[in-house]
Every structure is written in C-alpha cells, then in structure tokens.
There are 4 protein chains.
Amino acid sequence: MLNFRYHPEIAKLGAAHLVTPDLEKSLWFFRDILGLHVTARTENKVYLRAGMELEHHSLVLEAGDRARLDHVTWRVRRPEDLEGFHDILKDGGTEVTVEAANKEDGIGESLRFQAPSGHNYRLYYDVDKPTVDEADRSVLLNQPYRSWHHGIGVRRIDHVNLWTTRDPAENHKWMSDMLGFKMREYVTTPEGTIGGWMSVTPLVHDVAIMKAGPNETTPARMHHVAFWLDNAADVLRACDILFEAGIEADQGPGRHGISQATFLYVRDPGSGHRVEIFSNGYLIFDPDWQPVEWGMDNIKTALCMWGPTDYVPHTNDHVMNTTTEA
Amino acid sequence: MLNFRYHPEIAKLGAAHLVTPDLEKSLWFFRDILGLHVTARTENKVYLRAGMELEHHSLVLEAGDRARLDHVTWRVRRPEDLEGFHDILKDGGTEVTVEAANKEDGIGESLRFQAPSGHNYRLYYDVDKPTVDEADRSVLLNQPYRSWHHGIGVRRIDHVNLWTTRDPAENHKWMSDMLGFKMREYVTTPEGTIGGWMSVTPLVHDVAIMKAGPNETTPARMHHVAFWLDNAADVLRACDILFEAGIEADQGPGRHGISQATFLYVRDPGSGHRVEIFSNGYLIFDPDWQPVEWGMDNIKTALCMWGPTDYVPHTNDHVMNTTTEA
Amino acid sequence: MLNFRYHPEIAKLGAAHLVTPDLEKSLWFFRDILGLHVTARTENKVYLRAGMELEHHSLVLEAGDRARLDHVTWRVRRPEDLEGFHDILKDGGTEVTVEAANKEDGIGESLRFQAPSGHNYRLYYDVDKPTVDEADRSVLLNQPYRSWHHGIGVRRIDHVNLWTTRDPAENHKWMSDMLGFKMREYVTTPEGTIGGWMSVTPLVHDVAIMKAGPNETTPARMHHVAFWLDNAADVLRACDILFEAGIEADQGPGRHGISQATFLYVRDPGSGHRVEIFSNGYLIFDPDWQPVEWGMDNIKTALCMWGPTDYVPHTNDHVMNTTTEA
Amino acid sequence: MLNFRYHPEIAKLGAAHLVTPDLEKSLWFFRDILGLHVTARTENKVYLRAGMELEHHSLVLEAGDRARLDHVTWRVRRPEDLEGFHDILKDGGTEVTVEAANKEDGIGESLRFQAPSGHNYRLYYDVDKPTVDEADRSVLLNQPYRSWHHGIGVRRIDHVNLWTTRDPAENHKWMSDMLGFKMREYVTTPEGTIGGWMSVTPLVHDVAIMKAGPNETTPARMHHVAFWLDNAADVLRACDILFEAGIEADQGPGRHGISQATFLYVRDPGSGHRVEIFSNGYLIFDPDWQPVEWGMDNIKTALCMWGPTDYVPHTNDHVMNTTTEA
C-alpha cells in the first residue's frame, strides 16, 4: 500500500455573515419571509439556519452602519484539516489568524484569512448542532425542523456568488491551489475569464467568483447568497409569498444555463443584500469532469437560458452597495 | 310558472383562424412544439386541436402573404341561438352574413360579422368531432388524445386577447349587449378604460379587449391566443422545450394579477403571432360577481404581479404586424 | 324574438354544514391544517371559507353528539330562482320549507328540502360577503386573503360526494329534472348505475351521487367534501403538511380517471368527515357534452387511474359513521 | 506536511447490468417510456444512458433466459484506485478478477468481484463518453441530450437497492471497510438491522442493502434501480405516461421518510425488473453525519411517509424472480 501526500479538504459551505443597517427588517425578511429559524441571538447579531440544517447557523445577521459581507465560513472535512490548510495558506503567502473557539456562534477553533479576491473566509471543523423544540421539530428523523414550517421555507444554504475587481482567473487558480475548489463551468470573453463556478462538492458551485465592474467602490462584493428549494414549483410559490409581503423580486423566475438552476433573485429590504432562491440544477459525480466553457456566442444561454428578457448580470448592482470592505 | 324573454347564449370560444406567411414553420411550431394535433389539411390550410378537445379544431393556420388574424369563432349554447343572435345583431345595426355548412372545416351553418372593435367573429353550433386513431388515443374515456402525447402538450384553447384602436369601453359594452359577455376585471387610467377581461364561462376571460397604441397600421389586432396547461410547473417545462427548439420566449414566465394566471408569451416563428401558454388562474361562479377595477396605482400588479421586470404591455408589439385587416 | 319557458338555475355549490363531536379538533384541522379562515363563530358553530372565496362561508362546523352532514347549500343564479325552484319542487312532490334570512350565517331567505337520496339541501341567493382584516388581505384585488396565508391553503370548495342506499340512477334523474344538474360521467355495473358525477358549472362535478353499500345504518351519507388547490404539486405539499401534523391520509395521492383530478383523501380527526384535496381535473364547455360511461372493464381507471394500489371505493367507509340522519 | 495512508475511493455508481427474457419489450420500456438513450447495441445487448449522463451507459440490457441482475458497476475516483481496491479486496479475502478494456461497452480495465451479499460488482475508471447527434443534442453545453427529449425523460441513474438473504449488517460493514461506503440511514428491528442506506457521494444512498425474506430462491436480488427526475411534479407526469402506456405502477407515488424521496415504483414489463422513479431527497455535506436510526415505532415513516397505504416492503417481491444468480 502506497503512502500519498495528504491534502486537507473543504467539506462544505458553512455560512454567510452579513452586516445590515436595519437588523430588524433583515431579520423579518430572512426569518419570516424566507423561512429561516433563529438559533441564537445577541444584542447585535442573530444566527439563523434553514429547515434541513443541523449546524448552528448558515446565516449571521449583524447590525452595522452599512450593508456588507463580513465573511464566508467553510467547514473542513477532518479536524486535522485546519492545520493542513494553515500550512498550505502560509506556504502560499496568505496571512492566517487562528481564532479560538467561540461560545457565542457555536464554532470551534477557526482560521481566518483573506483571499486575493478581497473576500474574507473562515475555516472550522467543530460546530454546535442545536436541538429543536418539540413544537418545531419534524416527524422525520433526518431533518431538524418540520417541513413547510413557515414562509418560503428554504431548505439549506446552497452557495455564495462573489464579485471582485481583481482578475477572476487568478482567483479561480488560487481557490483551486489553496482550497481545492474544482472549476465546473466558466465564462470567457475577449477580456478573459469573467466568471467561474467552482465546487468541492458535487454541486456545480459552492462558490462563484465573478468579475466586478470597473466602477466598484470596493474590490470585493457579494452578488448573492443562495438558498435551496426542492422543486421549481416551490420557487413560483416563493414569488407569490414575496409579492404578498410587498417585496418585488430583483430578477426571475428564470433558469440559468450554467448550473441549470431555476432561480429567483430578491433583495433583503433591510440591507439590499441579494438572495438567490434556487432549485433544480445538476450534480457532478464524474471525477474527470471537464470544465464547461461558455463564450460570447452563448453567454445569454449561460447566464439566463429563460426568464428575464433584460438579463444583464451587472444591472443595478451598484444601487445597493454590498461590500466586504469599508 | 313565468315566461321570460329568451336570450341566446355563447357557450365557449371555438377557434382562432390565423393567416401565416410561412405555413410550414407555423405548423412546426403549433404542432411539434406546442403539441397540437392536426385533424384536417387542405392545400393552404391546416386545422388543429389540443389534446383535450373534442371539436374539429381550435386553431386554423392558413397560408397568406402576411400574418393576420382572420377571425375568431364562438360556439353558441343551443342550435336556435344562431337565429337569436342573428336577430339581436341585426337589431343592433350589425351586418350579419349567414354561411352555409362547410364540409372542409367541420363547422355547420354559421354567422359572420364584424365587431365595432374591427375583429371578425363567427358563431356556430354544429361541429364535427373527429375520432382519434388508436395509436394516439388516450386510455381515458374523457379525452381524445393520450396525455403528454408530444411537445409542450397544451390541453385546450383558453382565450383570445384582442387590441383595437377604437374605444375599448364601447366595445366592452357592445360585447355585453350583443353577445352576453360579462366584465370580470378591467383597467382604468386617466384616459379611460384601457382593457377589459370578459367571459361567458366561469373563466376570468374568454376574451380580453384592450386599447391599441396610437400608431397602429390597422384598427384591430390580436395580441395573443392562449392555450391552457394544467400546472404552473408545466409552464416551466414549456420554457425548456421552447429554448431547446431555438425559440426565445417573448416574456415570462410570470404571473398576471388579473386572472392570476401563470403565463409565458411566445411568438410563432413562422408568423409572429403571439401565443400565451397559460395555467392556474381562477374561476368565477358567483352570479353577482363585481368587476374588479385596477387603476394607475396597481397596474403593474394587474398586468404582471411577478416575472418580467420590464413588463410593458405595448413592448415590441409593432415589430410583428399581426392584424385582422389587409 | 321568441318567449321561452323560464328555468331557474343553480349557480354554484355554497357550503357543507358538518356536525362534529369534537368541535375544537375539527376547527384545528379545517382552519390550521387545511387553511380555511374563520368568518364567524357562535357558541356551537364556526363558519369558515377558503382563501379565494368571497361568500360568508363554504363550511360550517357545528358541535353535536356524532359526526353527520347536516345539509349542503347551493346558490341560485338569480333572486327569482328561489321562487322558481319552489314551484318546481312542489310540483314534483317535494316538501319545501322557506327559511327567513338569518343574521347568524349571512344567508338570506332560503329553501330547505330533502332529496330522494336522503340528503338535505338548502337554496339561497342573498349572502353576506365579509371583508378581510388588512393583516390577512391579499395584495391582489381579485381574492380576499393573501396567497399561502397558512397551512395547506386550499383555495375554494370544489364539490361534495354523497352516498345513498337508494337507487342512484333515480336520484341522478331527480337532480337533473328538479335542479338542472347535467350528468358528466357515470359508472355502470351489472347492478345498474352505481355513481354519477353531475354539474351545473363547467366543473366535471359539483356533486357526485353514489350507491352506498347494503349495510349502511342510514340511507344517506357524505363520502367527502372537496377543496381545490391550483397545482398537483400543491397536493404533494399537502401530504407533507398533513404528515407533519400527525394526520395519516386516507388514500392518495392519486389521480381519478373520472374528472382527471389529482386527489388526496384525508379525514378530519375531530369527526371522521372525509375531505378530498383536489387539483387539476378538466372543464366542460361543450354544450352538447355526452356523458362518459365507464363500466366493469375500466372501473379501476375511472376511480383510480394511478395512486393507491388497493383502491376500493367502499374501503373503511363504515369505520367512521358520517351520516345525514340520526 | 504529513504523509497519510492512501485510500482508494469510489466516485459514483456506474451502471446496472440487467438480463431480460424479452429484450425488445425491455428496450421499449427503458428507451421509449423511461426515456433513456441507446449508445450502443450488439446482437444481444443494448447500452443506454440518461439525458444528463456523459458516460457510455448507466444501464445494460442483455437478452437471457430469465430476469436477473448480472452486476453493478462503480467508477473509482482516480485511475490508481483500481490497484488500491485490488489490494484492499485481496487483503480482505475477496477474489478479484482483472478484466481487460473492452471495446464493446466503452469501459477500460476493470475489477470484478462478488460481495458477501452475493451481488457482483465491477470497478472501472476509464470510460468512453460518446458524442450525441446534433438532432438530439442540447443547446446547453453541460448536458448531452436536449431536455424533455422523449418519454418520462429521466435525468441520471441515482442508486441501486439490493437485497440479500445474508446478514445485512455484516454486508454494510464490508461495504464500508472494503469500498468506503458511509452509512447514512438504517432500520433496526428486534431481529437486527434489516436495511442500510449507504453512499460515497452526498446522496443519501448510492446503494441500499436490505434483508431479503426467508423464502428467496437465491441469496442476492435487486429490489430496484433508481433514476432521477428534477421535480416531484415530474414524478406525477411519469405516472400519467406509464398509465397511458398500459403499465400499472407497482407502488406510489409516495414519499420515503428515509432519503425524503418522492418515489414511484414500476416494473419493466419485459423482465419484471423494478425501477424507482425518484426525485427530491436531500444531500449530506456534513462530514460528521451521524447515521439516522429508524426502529419499529417509526418504520412506516421511514419506508413510506405518505403514499401507498399498504406499503409493505416485501409485497409481491417473489412474483417476479429478479436475481443475480442462476
């Protein structure tokens, strides 16, 4: 039996930590309308998770003076992977901060660092898995909260879509070299690769890293955080619920060619942070998957196979300043 | 027991008779993609019906030099209603032509006339109900063709949406006085009533009559003919099928506030005639239904509760010249 | 213009008035789980309606010592139809009681009588249409309550299915002669016609009248009252919600051949009254519709095209004694 | 950087190789009704794949004198994993046959062996990925065949469900020790563990290994091979299509508690092999997932949360003798 070089691995997306200038309104949106469940709350932070999720949270809402993505967390596959990534990142010239376990957010020891894209990440392994009150608990043993508990009832976090003013292609390479993300689909224009959909799981993407426009006020932004629904029909139900709540969707419903997802974009009215309500899509099990390249002649199909007729990915993205930096 | 004055009644929408400059391409669209079935064909006309329909046809495609709506047919409730409508129309000053039964199109004796909106109508009672070859027949005794036979598989014609340069409100009154249509929902702007959704059935509309823009080349146009699907999910499947066939939808999927329909607009690539793929909606059984009035402050909800973000009803409608007149 | 003999008409099903031995449990089921809204309540009665309904109620729950269907209400098309039906029923030998308008239930003057099947009916025209509190109101002007308000969220009452120990065929004829119901589909066995699906609307049935088994303790029972959902997918969501509420469905999901409905049967745990959660189906607009006859060689298709593998219409129907008589 | 012991890994389920006594009828079922595509054919074998699949086949139909599962193939993650598994299996006392690359079936060098459950497996890495004729090809670059090409249109193979007369628990341990499958959910009765759902992917199961009844004529059987659809609504459409094709489903539609799948069981009329049409379900990304244990008090929920009322997993399984051995 051979010995092989050890590779630490990321198992999954953990959470998006969002700062909002109107915590109560954001909480209303994410809890009452989107249907997340609150697992913990401090004076200025609320921790939430979706109906299928066992971990402490997949979303943090923090009160702050303006909307921004504070950081994204990723769970590693094995406890020792924290040390493994620490070594790889330091070897690669990335500054890493080790953060001690934190009772408040249920996360054990973690690593914090900034990717060249300008986005802040945090890796962890240990995490609390809060139990659920009987009144909210599912009859099913394989999910914490009962199905269709309230609101849209998203089932789990799916991915984050991040924009950078820096070269996306270099960031894709860094995500692959440092963190093990595999490229699944990407878009190339005469200016180079403007976006890549990458994953460590069979999902088409756990993260997309895209080219931000030239007039950004910050180098790194979040385009959206996505939550999963089981059926395309559930996305249409979400459209009704949002409309009845007085929230006008950003774009959709539609289908992306890339990822084949049935999607709806909507903004948290408390912060302007964009959420993607996401279903369908496909899974990649082939170990030799060849990244799918989309170019100028099929970019419309790639981004919006059907749905919005005016789909331009940069549309209105500067109206709401959703950044990772001050 | 009292005697009452007799009122002839329209039972249902029959068919839209469309002229197309490219009969083969239109036939491909309506038969292969939309999923209608051909029941008869002559040198320059094809008769089609949907999977649930027993009557000879709900659509006629006729070869011609340009796209236009030739006429719309309506089936009366009783044989004697033809005579009843003849009297009412003549009394009302409308010229009526009696057309003898016609072997070709399966329609018995019929009345032809033009509404003040400029649209041509034809009333009939007798109609052939062709049988279906065993290879295509449903196991169900209550529908002719087997479910999901091919293509999108629309189930039945639903309604027509007609535009006129003349005053819609006067035409709504005429449709009510002469033909017995009841107003179900309407939109009023400072310029007056710009559209009304009317029916003789519990459907919210068998016909909508809308205000055409000022630059029309003809006084009367068809905005669309609608075909029904059983589920909103089926409309999303239609989006996929159209896209794979190289046909880009006009607008949608979305939901109209008026009628509550989940809709998709798409144009026949052979003619430019617009088709609405239509599901959900609601039924009106209340005999004292009060017409729902929509105004300037909720016109967006009325026309497009969710879906297209750029929904403007007149958009692009002049690109394709779909008229009822030469 | 000819004069014709006047025929009174029934416009629509009004409500089912159910007696339950456990009013609070029944109220929990119909309000919290099925999603009806309470419009009025007295000491021993609760009036409820569905999200799309304008009239005062489509369901009455009344406390009583055992489960039974007290009566079914039907709304007539015109105010004068009450007198018209009074004459027809008396001429036909049916005893009719005129009931004065009743502030409690929002119903104006009404006629009460018993059909030969043993079921009690009540006809009315005038009915209150309560407004909705703003917190519950829809943004849509064409429905009172906001979409997906709570629970399964049924949209409207659809039909009642009634069983009689007396000859169904004679009752079908009586329903046609006296009340104007048209036969749409029926099942015939060597013993005769065992069930008929009849309507005054384009629905395949507003009422079904079926042959009860030989061991009934009362001549007249209710098999179920049906409520409508817009999509087959919504019926599957209902399955989840019922299961999480600890309610095991009676039968389904499945599809009836007759009516083509996607269905689920479930019993109110407070009374044993069976409810059908119902979607899809088809509409009959043809004025010369020929009733569809099903026989022994296709009865399985007629009753259960797919779904329950053990579908026997009489299964377990005696477990819960749901009758119209003491 | 540490060195770690190397572990070969299985990446995914490859295919089920089924023998059928009526190849043409089985081909009709799997190709025309289920919607698979033929990629290769010899005198007595047909190779098929689903619309989303790039590999040569996910199903083999082979003519034979009786229905049996010949073997199941699994793709390893890296080419060198074949050697890795060879060592592990030999060390574990399993006889392994190395099979040379085979032009016919598109599979490179492979390992064949029999699990203690009595089922035959084959591991491979190299595999042909046939291109698709333009007439059948999708506009999407990330799938070979166009969406909704024909029939039910299953999207990919999902899992196999295998039954053994030998102790399931020992086989679960063997699958874990030898092949790296993780237990996700299992059912325990007083007689011990009667079934386990295991995966190497985030799917709840790539394989389930269940206890066969005492009267089996062979120690190892296949209960079903499952194919995926994107939406629960698509499973209902499959019900319609099967019914119109004269095929009565075995059981369903329903929902399993285990895996949360919306399912339908149906048998290939040419062989009696059972197919599961499968949607929804959930994904496991947590690296420390604790296997979910179901017992006697919730076994009905585990196996059939809703749907078939007579769900007994062993029902009728002996009618069709679907075995892996002569």
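Just so it is clear: chains get the letters A, B, ... in the order the sequence lines come, proteins before strands, and each one is counted from 1. Both backbone and side-chain heavy atoms feed into the values below; hydrogens, waters and symmetry mates do not.
Interface remark: A/Arg156 contributes side-chain atoms only to the contact with chain D (heavy atom separation under 4.5 Å). Only the backbone of D/Glu293 comes within less than 4.5 Å of a heavy atom in chain A; its side chain stays farther off. Contacts between A/Val76 and chain D at a heavy-atom distance below 4.5 Å involve the backbone alone (N, CA, C, O). Proximity to chain A (any heavy atom under 4.5 Å) is shown, for D/Asp234, by neither the backbone nor the side chain. Looking at D/Ile258, the atoms closer than 4.5 Å to chain A (heavy atoms on both sides) all sit in the backbone: N, CA, C or O. Contacts between D/Leu203 and chain A at a heavy-atom distance below 4.5 Å involve the side chain alone, from C-beta outward. For a residue to count as touching a neighbouring chain, one of its non-hydrogen atoms must lie under 4.5 Å from one of that chain's; by this rule D/Val127 does not touch chain A.
Interface check for chain D: of the options A/Asp286, A/Leu141, A/Thr301, the most heavy-atom pairs under 4.5 Å are formed by A/Leu141. Annotation: maximal heavy-atom pairing with chain D below 4.5 Å, among A/Lys129, A/Arg155, A/Glu55, occurs at A/Lys129. Per-residue counts of heavy-atom pairs under 4.5 Å with chain D were compared for A/Gln290, A/Gln143, A/Glu9, A/His7; the largest is that of A/Gln143. Heavy-atom pairs under 4.5 Å with chain A were tallied for D/Glu185, D/Gln260, D/Glu53; the largest tally goes to D/Gln260. Highest contact tally toward chain D, considering only A/Asn298, A/Asp230, A/Asn142, is held by A/Asn142 [criterion: heavy-atom pairs under 4.5 Å]. Contact count versus chain A (heavy atoms, under 4.5 Å) is highest, among D/Thr201, D/Val292, D/Asp288, for D/Asp288.
Side chains of D/His57 and D/Asp105: no donor on one and acceptor on the other come within 3.5 Å. A/Asp87 and A/Tyr6 share no side-chain donor-acceptor pair at under 3.5 Å.
By the side-chain contact (heavy atoms from CB on, under 4.5 Å) test, D/Ala232 pairs with A/Asn231, C/Leu236, D/Thr262, D/Asn280, sequence neighbours left out. Residues meeting the side-chain contact (heavy atoms from CB on, under 4.5 Å) test with D/Ala261, sequence neighbours left out: D/His256, D/Ser259, D/Phe278.
Stacking of A/Arg75 on the aromatic ring of D/Phe285 is not recorded, the 6.0 Å distance cut-off and the 45° axial limit not both being met.
Shown are D/His37, D/Arg49, D/Arg137; of these, the side-chain hydrogen bond (donor to acceptor under 3.5 Å, both in side chains) with D/Tyr145 is made only by D/Arg49.
Centroid-to-centroid, the aromatic rings of D/His172 and D/Tyr186 stay 6.0 Å apart or farther. The ring of D/Phe181 has its center no closer than 6.0 angstrom to the ring center of D/Trp197.
Side chains of D/Arg146 and D/His149 form a contact here, defined as non-hydrogen atoms less than 4.5 Å apart.
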